[in-house]
Amino acid sequence: MAKNLFPSASSQPVPCLRCAYPALDSDVSQDGDMIQQEVGAVNEHDERKHRRHACARMRTRAVMAYNHHERPSQTETGREGTGGNGHTSICWRHRQGKDRDVKRIFSSFQLATVVSKQQQSDIDTDTMATPYSGPKNSLQASKPVVVGVYGIPGCGKSSMLVELKNRLGEEQFSFHEGSQAIASLLPGGLAAFHQASQDEKARYRELAINAIANEATKNQKVAVVAGHFMFWSEKDQQYHRVCTKADLETYTHVIYLDTAADIVSLRRQDDKGRERPTITPARLDDWAKTEKRELQRLCRSSGILFIALSEAERGALSVRIINLLLDFQHHCSQHNLRLVQNRLDSISLRSGFTMDCKQPCTMLVLDADKTLATQDTGKLFWEVMLKKNLLDPSSLEGKCEDPLTTLFSSQLGYSYTAFRQATLLYEQYSDEQVFEGVCRNIASLVKMHPAMVSLLQTAERKRNVSAVVVTCGLRRVWEIVLDNHGLMGTVKVIGGGRISDGFVVTAQVKASLVERLQNMYGLYVWAFGDSPLDIPMLRAADEAIVVVGEQYVQSRSMETHLLQAIDSGNFCPRQVLLPETAAPRLDVERLPLVNIESSEFLFEISRQRDHRRQPTAEHHIVHATGRAAAKLLTTATRDARVSGPALREAHRLVGRYLATELLPDVVGTEEYEIPHVQGHQTLGHRVKNEKKTAIVPLMRGGEPMAFVMCFRLPIFLHAKRPEDVEARHLLGLETVLLVDSVVNTGKSIVEFVRHIRGLNSRVGIVVMAGVVQAKAVAAGPEGVLHQLHQAEPKVDVVALRLSDNKFTGKGVTDTGARLFNTTELE
């Protein structure tokens, strides 16, 4: 048996040519000037040819310079490398603009980068305008999504790449064979590469992956790269790792094709297109296990998400990989938070918060594992997998039989990346059918605390109380557990565990959901949790209950974190012992005891408050966020393909919905006589003081929405500036409706309100908008509408939805320009 040694190929960083050979500056600058001069006199086809020739000349000088001149010891090396078109590697120091010539060279070689897909997803989700993709010639690079597809030679990487390309297309993805990318860098192709030294091979590998990353950034695509991690040498009976430092710095995700050794052996024998050395199935199996173990370790230490997939069925495997790539495409921590918030909104959360026709003013937010029950379902999952022989213990990383313990003990901690990796572990070791079966098995083992069951049943009976379970663990397990106790109809679960769930729940996500319930829905929140992961949620809540279980299931670090939180001030939690025989945490003075089954506690939970907290920190705002109607109406306003008359019609529908569904709740209605179709008089209803109301669309963006609000109103006034509203316009009015499509910071609204109040101090003002930025109406330095409400009474906001994203339209993304098809003029 050969020793598993890994003499790595040199991972020496690719030198920045400007740093390595300063004398090259003049030559590089001359080439940049020459390119610009040459392309001015040729057509498009010749331009590309001249560029290639000039790039080749510069590259030749660069290689000669590097080979014949000593490299400085303190060179700053970067991630941008040489691509198949000859683009030269430049370090981050020069990329950031410390050298004007380099900027000019980058312009000449068209190496400018644009906002990546991952960045774009952070800003375009919750706006009515089309997302702005960023400056096309920005030199500020951002890390693209680059997915490595690995596996031993013969596992099926190349054929899988072809299949993915055929099924996903190349509009949003690019597909690369690592060997072809390397071959494009050398005049002699792979034959010349094989003749190079190990150091030279490592440099070309780094240049290749950097070129792929550059291209992905420039084209705003997800790059999928089939590559090699290590090779087996019959000569010295060792594994040689060829993965470079640049690979580990570039890849964001790695998918390992864990194909059975006997299948690989047959494929290698049948492969007539390549000359493959004969390797026994036993050696292939050891190669694959060694490679997977080492690659997983490096990915973990480099923050790369890793998943290994076996080829049980080719078609099913490709579907799983496609689903993974679609998930990898946009997922980031901000995108994740928005998805969780959307989940919260979709649990029948709407204006004023309505769930099951109830009108709650109190919300119970509960952790699941070790809070609702003693068991840790995440740990149970792996125990059941091992017990049912669904998992090979030798395939687990580290000595622990629970891979989650190994994961969360790593340098990733309990970060967003760690929880995403946990999801991939569930995906790797269980398909949908196995996962569902194990979850049902676990649920049968979980026994909820009777006190928790009683508490949730009380919430179910009370019209002013609702409850939601928010877990960092397995959503499906807790849905089954609650269903087994007859609670699933009213108590919903927010959690993950599978890629199909769309998101993961972290400590920060829990706290964010509590704040959303408070600020957006005006609810009084009680939070229940047991571990340090729950402390941000407990601190954010109005009332915090620490659940203390038996010592053997307690978090060892919880008391330390509790002490720090309590000593920092503004945090006064209580503790409940489940079971009652459990030993209290800290002391009962710092952490008072409470019995959640007592009549006093249940009364405190369910009592009617003197007044419901007004959403967004007591600012009167009515919105339809989360309603099905709002989702339908919003779709057309956000669709980049909809503009001009069609977009104006979409905004008119929004305006009519606001005027008929939400506005009457703010200003009220009044009765008046109308002739009935049967010939007699009857009573109809209209908006209160309708004839004493003025509609003021702000600029052209609010006009389509405002037109359908007219009814029989006496005044319809366009206003581009506050000064366009004059005192004579306000005579005898009771209400002014300021209508705009999108309200971002709210500063322009403040200017209009203060101007109007300067002319008429008693008139009521209602701001009506399709989208209002949530921070603008929340307490805080950015909450200008909240601050306005404190200073100016009778200022209300009616919105189709609140958004957590801030977006300012410009040019083709400006709402007004899209409404009137003037984007080209912008």
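Keep in mind that the numbers below use all heavy atoms, side chains included, and drop hydrogens, waters and symmetry copies.
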As a quick check of understanding, evaluate side chain to side chain contact (heavy atoms under 4.5 Å, CB included) for Phe306 and Leu424, giving each step before the final call. CA-CA 7 Å; Phe306 174 91; Leu424 293 184; over 6 Å; no
Between Arg498 and Asp431, is the salt bridge (charged side-chain N to carboxylate O under 4.0 Å, His left out) condition met? List the steps. CA-CA 10 Å; Arg498 304 295 288 179; Asp431 58 23; over 6 Å; no
Apply side chain to side chain contact (heavy atoms under 4.5 Å, CB included) to residues Leu168 and Leu325 and explain how you reach the verdict. CA-CA 9 Å; Leu168 287 172; Leu325 293 177; 3.7 Å; yes
Test log, rule side chain to side chain contact (heavy atoms under 4.5 Å, CB included), inputs Arg267 and Thr259: CA-CA 11 Å; Arg267 286 179 180 171; Thr259 309; 4.0 Å; yes
Using the side chain to side chain donor-acceptor pair (under 3.5 Å) rule, take Asp247 and Thr250 through it: C-alpha gap first, then chi angles, then the decisive distance, then the call. CA-CA 5 Å; Asp247 291 323; Thr250 301; over 6 Å; no
Apply side chain to side chain contact (heavy atoms under 4.5 Å, CB included) to Gln329 and Val145, showing your working. CA-CA 7 Å; Gln329 184 178 10; Val145 177; over 6 Å; no
Show, in sequence, the C-alpha distance, side-chain angles and deciding distance for Glu294 and Arg241, and conclude whether the salt bridge (charged side-chain N to carboxylate O under 4.0 Å, His left out) test is met. CA-CA 10 Å; Glu294 182 74 359; Arg241 197 176 82 206; 3.4 Å; yes
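Among residues two or more places apart in sequence or in another chain, the side-chain contact (heavy atoms from CB on, under 4.5 Å) test is passed with Ala183 by Leu190. With sequence neighbours excluded, the residues forming a side-chain contact (heavy atoms from CB on, under 4.5 Å) with Lys289 are Asp285, listed by chain and number.
Of the candidates Asp327, Asn336, Thr506, Asp327 is the only one forming a side chain to side chain donor-acceptor pair (under 3.5 Å) with Arg420.
Here the shortest heavy-atom pairing between Ala202 and Thr244 reads O-CG2, 4.0 Å. The two residues Gly502 and Leu339 come nearest to each other via the heavy atoms O-CD1, 3.1 Å. Minimum interatomic distance between Leu186 and Ile182 (heavy atoms only, all atoms of both residues): CD1-O, 3.4 Å. Minimum heavy-atom separation, Gly303 to Thr417: O-CG2, 4.2 Å. Looking at every heavy atom in both residues, Tyr416 comes nearest to Val504 through CD1-CG2, 3.9 Å. Closest approach of Leu412 to Ala418, counting heavy atoms only: CB-CB, 3.9 Å.
Taking 4.5 Å as the limit, every side-chain heavy atom of Gln269 sits out of range of all side-chain heavy atoms of Thr278. Residues Val225 and Tyr251 meet the side-chain proximity criterion, which asks for heavy atoms closer than 4.5 Å. Side-chain contact between Val254 and Leu305: absent, with no pair of heavy atoms (C-beta onward) separated by less than 4.5 Å. With contacts defined as side-chain heavy-atom distances shorter than 4.5 Å, the pair Ile152/Trp232 does not qualify.
Distance alone, capped at 3.5 Å, is enough to place a donor-acceptor pair between the Ser302 side chain and the Leu298 backbone. For Gln428 (side chain) and Ala308 (main-chain N/O), a donor-acceptor pair under 3.5 Å exists by modelled atom type. In this structure, Lys157 contributes its side chain and Leu257 its backbone to no donor-acceptor pair below 3.5 Å. Checking side-chain atoms of Tyr239 against main-chain N and O of Trp287 turns up a donor-acceptor pair under 3.5 Å. No donor-acceptor pair under 3.5 Å is formed between the side chain of Glu215 and the backbone N or O of Ile212. Between the side chain of Gln180 and the main chain of Glu177, no donor-acceptor pair closer than 3.5 Å is present. Of the possible donor and acceptor atoms, one in the side chain of Glu291 sits under 3.5 Å from a partner among the backbone N and O of Met230. Side-chain atoms of Glu427 come within 3.5 Å of backbone atoms of Ile499 as a donor-acceptor pair (strictly under, hydrogens ignored). No donor-acceptor distance shorter than 3.5 angstrom exists from the side chain of Ser409 to the backbone of Thr406, with no hydrogens or angles considered. Under a 3.5 Å cut-off, the side chain of Arg268 and the backbone N or O of Pro153 do form a donor-acceptor pair.
Note that the OG atom of Ser333 and the CD atom of Gln508 stand 9.5 Å from one another [nearest 0.5 Å]. Ser410 contributes atom OG, which lies 5.5 Å from atom CZ of Arg300 (distance to the nearest 0.5 angstrom). Atom CG of Leu326 sits about 8.5 Å away from atom CD of Gln172, to the nearest 0.5 Å. Of the inter-residue distances, the one linking Ile255 atom CD1 with Arg320 atom CZ reads 10.5 Å to the nearest 0.5 angstrom. Once rounded to the nearest 0.5 Å, the distance linking SG of Cys332 with CG of Leu337 reads 10.0 Å. The distance from atom OG of Ser318 to atom CE of Met160, rounded to the nearest 0.5 Å, is 5.5 Å.
A donor-acceptor contact closer than 3.5 angstrom links the side chains of Ser233 and Asp236. For the residue pair Ser174 / His176, a side-chain donor-acceptor distance below 3.5 Å is found, with atom types taken as modelled.
Relative to the six-membered ring of Phe173, Lys165 misses at least one condition, a distance below 6.0 Å or an angle of at most 45° to the axis.
Ring geometry, Phe328 versus His253: the interplanar angle falls under 30°, so the pair is classed parallel (tilted spans 30 to 60°). Ring geometry for Phe419 versus Phe408: interplanar angle of 30 to 60°, hence tilted.
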